[in-house]
Colleague: 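Would you mind keeping the following structure in view while I ask a few things?
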Amino acid sequence: MRIGTGYDVHRLVEDRPLILGGVQIPYTLGLLGHSDADVLIHAVMDAILGALGLGDIGKHFPDTDPQYKGISSVRLLEHVAELMGKEGYEIGNIDAIVIAQKPKIGPYFPEMKSCMAQALGCSAAQINLKATTEEGLGFTGRMEGMAAQAVCLLVERQD
């Protein structure tokens, strides 16, 4: 059994799509980043890589590498899943929270869980998603950006 945590943050800007958990959410602002800036998947990937002792997403997918410009974070998550499999582990469970004042994202959780579960080769039931505001406090409360935190439990594969 291995446990890892992850955290990510991205600035909200105009003229970018808002992608969370691999799902495009209708909103007037999107997240700024080298990739699609999916703050939720980035936190989950960091949690998995941390549990494996393999560093973080910056090590594996540097924002200075042009091959990752605009890339879907789902594709990066699939790569992390391959690394996890090579190390002999699979998802036990993931618990993640998105911190954002707006928009309301709860209605999109089933689709997000399905998308991430497919990329990770696990069941959507093994992924729990939550969202919270910060009651108008801090950069997320001022709607300057979004953050996400994740924790994952990896278990040895039973092939």
Colleague: Report yes or no: do L54 and I91 belong to one cluster of Ile/Leu/Val/Met/Phe/Trp/Tyr joined by side chain heavy-atom distances under 4.5 Å?
Modeller: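 In one cluster: yes.
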Colleague: Could you grab the distance from atom SG of C122 to atom CD1 of I127, nearest 0.5 Å is fine?
Modeller: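 Reported to 0.5 Å precision, the distance equals 4.0 Å.
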Colleague: Just by modelled atom types, is the S73 backbone N or O under 3.5 Å from a matching donor or acceptor in the D36 side chain?
Modeller: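 At least one qualifying donor-acceptor pair exists.
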Colleague: What closest approach, in Å, do A51 and C152 show between heavy atoms, and which atom pair accounts for it?
Modeller: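 Heavy atoms of A51 and C152 come nearest at CB-SG, 4.1 Å.
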Colleague: Given 3.5 Å as the limit, does a donor-acceptor pair link the side chain of Q158 with the main chain of E156, or not?
Modeller: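 Pair found, side chain donor or acceptor close to backbone of E156.
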Colleague: Would you say I41 and L76 make side-chain contact, with heavy atoms under 4.5 Å?
Modeller: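 No, every pair of side-chain atoms sits at 4.5 Å or beyond.
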Colleague: Check whether any side-chain heavy atom of M84 lies under 4.5 Å from a side-chain heavy atom of L52, and answer yes or no.
Modeller: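 Sidechains of L52 and M84: in contact.
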Colleague: Honestly curious: do L120 and L153 fall in one hydrophobic cluster under the side-chain, below-4.5 Å linking rule?
Modeller: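 L120 does not cluster with L153.
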Colleague: Quick one: closest heavy-atom pair of T64 and P66, and the distance?
Modeller: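 Reported closest heavy-atom pair: O-CD, 3.4 Å.
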Colleague: What is the minimum heavy-atom distance between A119 and L77, and which atoms define it?
Modeller: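 The pair with the smallest heavy-atom distance is CB-CD2, 3.8 Å.
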Colleague: With hydrophobic residues grouped by side-chain heavy-atom distances under 4.5 Å, do V44 and Y68 end up in a single group?
Modeller: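 Hydrophobic grouping puts V44 with Y68.
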Colleague: Distance-only, no hydrogens or angles: does the Q118 side chain make a donor-acceptor pair with backbone N or O of C115 under 3.5 Å?
Modeller: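 Looks like no, no N/O pair under 3.5 Å.
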Colleague: For a quick check under 3.5 Å, do H42 and D8 share a side-chain donor-acceptor pair by atom type?
Modeller: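 Yes, because at least one side-chain N or O of H42 sits under 3.5 Å from a partner of the opposite role on D8.
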Colleague: Quick one: are Y89 and I48 in side-chain contact, heavy atoms under 4.5 Å?
Modeller: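 The answer is no, as the side chains (C-beta and beyond) never meet within the 4.5 Å cut-off.
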Colleague: How many angstroms lie between CD in E78 and CG in L83, if you round to the nearest 0.5 Å?
Modeller: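 That separation rounds to 12.5 Å.
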Colleague: Verify side-chain contact (heavy atoms from CB on, under 4.5 Å) between K113 and V23, making sure each step is shown before the conclusion.
Modeller: CA-CA 10 Å; K113 288 170 60 170; V23 176; over 6 Å; no
Colleague: Test K102 against Y27 for side-chain contact (heavy atoms from CB on, under 4.5 Å), laying out the working first.
Modeller: CA-CA 9 Å; K102 289 182 182 176; Y27 192 55; 3.5 Å; yes
Colleague: Do the side chains of L31 and Y7 join up, straight or via other hydrophobic residues, at under 4.5 Å, putting them in one cluster?
Modeller: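 Per the 4.5 Å side-chain linkage, L31 and Y7 are not co-clustered.
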Colleague: Check the hydrophobic clustering (I, L, V, M, F, W, Y; side-chain heavy atoms under 4.5 Å; chains of links allowed) and say if I19 and F61 are grouped together.
Modeller: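 Different hydrophobic clusters.
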Colleague: Could you check if a side-chain atom of L32 sits within less than 4.5 angstrom of a side-chain atom of L12, using non-hydrogen atoms only?
Modeller: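 In short, these two side chains do not touch, never coming nearer than 4.5 Å.
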Colleague: Between L18 and M146, is there a side-chain heavy-atom distance shorter than 4.5 Å?
Modeller: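 Yes, side chains in contact.
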Colleague: Using a 4.5 Å cut-off on heavy atoms from C-beta on, say whether the side chain of P26 contacts that of Y108.
Modeller: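 Yes; the side chains approach each other to less than 4.5 Å.
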Colleague: State whether the side chain of D46 and the backbone N or O of D56 hold a donor-acceptor pair below 3.5 Å, judged by distance alone.
Modeller: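 Flag not set: sc D46 to bb D56 has no pair under 3.5 Å.
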Colleague: Indicate the atoms forming the closest heavy-atom contact of L129 with M116, along with that distance.
Modeller: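 L129 and M116 have their closest heavy atoms at CD2-CE, 3.7 Å.
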Colleague: Under 4.5 Å between any side-chain heavy atoms of I94 and V151, yes or no?
Modeller: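 They are not in side-chain contact.
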Colleague: Can you see which heavy atom on A148 is nearest to which on A43, and at what distance?
Modeller: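 For A148 and A43, the tightest heavy-atom pair comes out as O-CB, 3.6 Å.
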Colleague: So how far is it from R2 CZ to E87 CD, rounded to the nearest 0.5 Å?
Modeller: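 Answer for the CZ-CD pair, R2 versus E87, is 8.0 Å.
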Colleague: How many angstroms lie between CG in D65 and CD1 in I71, if you round to the nearest 0.5 Å?
Modeller: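 With rounding to 0.5 Å, CG (D65) is 9.5 Å from CD1 (I71).
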Colleague: Rounded to the nearest 0.5 Å, what's the gap from CG on N128 to CG on N93? Could you check?
Modeller: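 With rounding to 0.5 Å, CG (N128) is 8.5 Å from CG (N93).
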Colleague: What residues form a salt bridge (charged side-chain N to carboxylate O under 4.0 Å, His left out) with D95, not counting sequence neighbours?
Modeller: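 For D95 the salt bridge (charged side-chain N to carboxylate O under 4.0 Å, His left out) partners, ignoring immediate neighbours, are K130.
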Colleague: When you compare the side chains of Q101 and T140, does any donor N or O come within less than 3.5 Å of an acceptor on the partner?
Modeller: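 Q101 vs T140: no donor-acceptor pair found between side chains.
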Colleague: Rounded to the nearest 0.5 Å, what's the gap from CD on Q149 to OG1 on T5? Could you check?
Modeller: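 These two atoms lie 8.5 Å from each other.
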Colleague: Taking side chain as C-beta onward, heavy atoms only, is E144 less than 4.5 Å from V9?
Modeller: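 Result no, sub-4.5 Å side-chain heavy-atom pair not found.
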Colleague: Between R157 and G85, is there a donor-acceptor pair closer than 3.5 Å when you use the side chain of the first and the backbone of the second?
Modeller: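 Confirmed, R157 side chain pairs with G85 backbone.
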Colleague: So which atom in R16 and which in S35 form the shortest heavy-atom distance, rounded to 0.1 Å?
Modeller: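 What the structure gives for the nearest pair is NH2-O, 2.9 Å.
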